[in-house]
Amino acid sequence: KFPFTKNKKQQTTKPLGLDHNHLPKHVAIIMDGNGRWAKNRGMPRIAGHKEGMGVVKKIVRHASDLGVKVLTLYAFSTENWKRPKKEVDFLMKLPVEFLNTYLPELIERNVQVQTIGDFTVLPPHTQKAVKEAMSKTKDNDGLILNFALNYGSRFEMVNAVKQIAAEVEQGDIRVSDIDEKLFSRHLYTSELLEPDLLIRTSGEQRLSNFLLWQLAYAEFWFTEVYWPDFDESLFEKALFDYQNRKRRYGGV
Ligand SMILES: CCc1cc(N2CCCCCC2)n2ncc(-c3ccc(F)cc3)c2n1
């Protein structure tokens, strides 16, 4: 007799906790809501960014402890240059401050710092701090902590098209060689696994020109919570929901 339950719908027990053996390998996060968080408290926007940086440290620790392989954080988009100069100057100091206080722990945790985005237009002090972190952690094989800095997905994709067109023009490749794999290899993320899960805070349900090609098959998880109020338990809830979406309860 088939093990069917009385009623048509398959009844299966839903796991209670996180299955540490089936975590998403690559989690991407749009850390949104820092300005609104500050505004609601009558504080300047930069206070929200500052608070948000503390949450980055907490979530990096937790992702590293859980065994997530890659964590990509949208820290600065190409659109963010339109913010007031004072705010942009503040934001451009955050990588320096973050690494001054946290690089030793990242090294101890075997974290490898990487970046995606058009790096060369960042201020020299920002570039210097991030380059130092990348070189000091390049041999680590723990969590890959990947910061999207001055990143824009459409710029990245047009850039790839230009590179590929130039390779065809030079005769390095033929048009018939161009396929999805070759295109992916011309993106900033060429060495990375594609994201399995995208998390976005503050209730916005948009991609905002983030990893448009790479997120083609990712699960999207949204929360109303502003990034400064995001924490380890919400992070685990996103991973738990991801696991329960990927599982099919008896169905195909
Ligand atoms: C360049 C703008 C920016 C903004 C920012 N925010 C503000 C916006 C989102 C909330 C988080 C705090 N963070 N937080 C960490 C970094 C960081 C970047 C590179 C690196 F190597 C180490 C740390 C960061 N960078």
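Just so it is clear, the values below take in all heavy atoms, side chains as well, and ignore hydrogens, waters and symmetry mates. Both ligands and their constituent atoms are indexed starting at 1 by order of listing.
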Margin query: Please state which option from F147, W37, F90 has its nearest heavy atom closest to atom 15 (C) of ligand 1.
Written below: F147
Checklist line | Separation between CG of L143 and CG of L106, rounded to the nearest 0.5 Å | finding: 9.0 Å
Next item on the list: Check whether more than 12 heavy atoms from other residues, nucleotides or ligands sit under 6.0 Å from atom CD of E180, and answer yes or no.
Entry: no
Margin query: Can you name the atoms of ligand 1, numbered from 1 with element, that are less than 4.0 Å from a heavy atom of V130?
Written below: 21 (F)
Next item on the list: Using a strict cut-off of less than 4.0 Å between a Lys/Arg side-chain nitrogen and an Asp/Glu carboxylate oxygen, indicate whether K86 and D89 qualify as a salt bridge.
Entry: no
Notebook entry, point to check: What atoms of ligand 1 come within less than 4.0 Å of a heavy atom belonging to V56?
Noted result: 11 (C)
Note to self: Is the contact between L149 and ligand 1 made by the side chain, the backbone, both, or neither, using heavy atoms and a 4.0 Å cut-off?
What the structure shows: side chain
Checklist line | K128 with E132: basic N within carboxylate O range, under 4.0 Å | finding: no
Checklist line | atom 14 (N) of ligand 1 [closest protein heavy-atom partner, distance rounded to 0.1 Å] | finding: M53 CG, 4.0 Å
Next item on the list: For ligand 1, indicate whether the residue L73 contacts it via side chain, backbone, both or neither (heavy-atom separation under 4.0 Å).
Entry: neither
Notebook entry, point to check: Which atoms of ligand 1 are found less than 4.0 Å from any heavy atom of G52?
Noted result: 11 (C), 12 (C)
Next item on the list: Under 4.0 Å from a heavy atom of H49: give me the atoms of ligand 1 that qualify, with their elements.
Entry: 12 (C)
Note to self: Could you check whether any side-chain heavy atom of V168 comes within less than 4.5 Å of a side-chain heavy atom of I178, counting everything from C-beta outward?
What the structure shows: yes
Next item on the list: Answer side chain, backbone, both or neither: which part of L94 comes under 4.0 Å from ligand 1, heavy atoms only.
Entry: side chain
Notebook entry, point to check: Going through the checks in order, is the side-chain contact (heavy atoms from CB on, under 4.5 Å) test met by I59 and V55?
Noted result: CA-CA 6 Å; I59 299 306; V55 178; 4.0 Å; yes
Next item on the list: Hey, could you give me the CZ/CH2 distance between F235 and W221, rounded to the nearest 0.5 Å?
Entry: 10.0 Å
Margin query: Could you identify the single nearest non-hydrogen protein atom to atom 24 (C) of ligand 1 and state the distance to 0.1 Å?
Written below: A75 CB, 3.9 Å
Margin query: Hydrogens and angles aside, do H49 and E87 bring a side-chain donor and acceptor to less than 3.5 Å of each other?
Written below: yes
Next item on the list: Within a distance under 4.0 Å of any heavy atom of L99, pick out the atoms of ligand 1 and give their elements.
Entry: 21 (F)
Check: Tell me: protein heavy atom nearest atom 2 (C) of ligand 1, and distance?
Finding: L91 O, 3.5 Å
Margin query: If only side-chain N and O atoms count, and only distance matters, is there a donor-acceptor pair under 3.5 Å linking D118 with T120?
Written below: yes
Item checked: Interfacing atoms of ligand 1 (cut-off 4.0 Å, heavy-atom, N34) -> 9 (C), 10 (C)
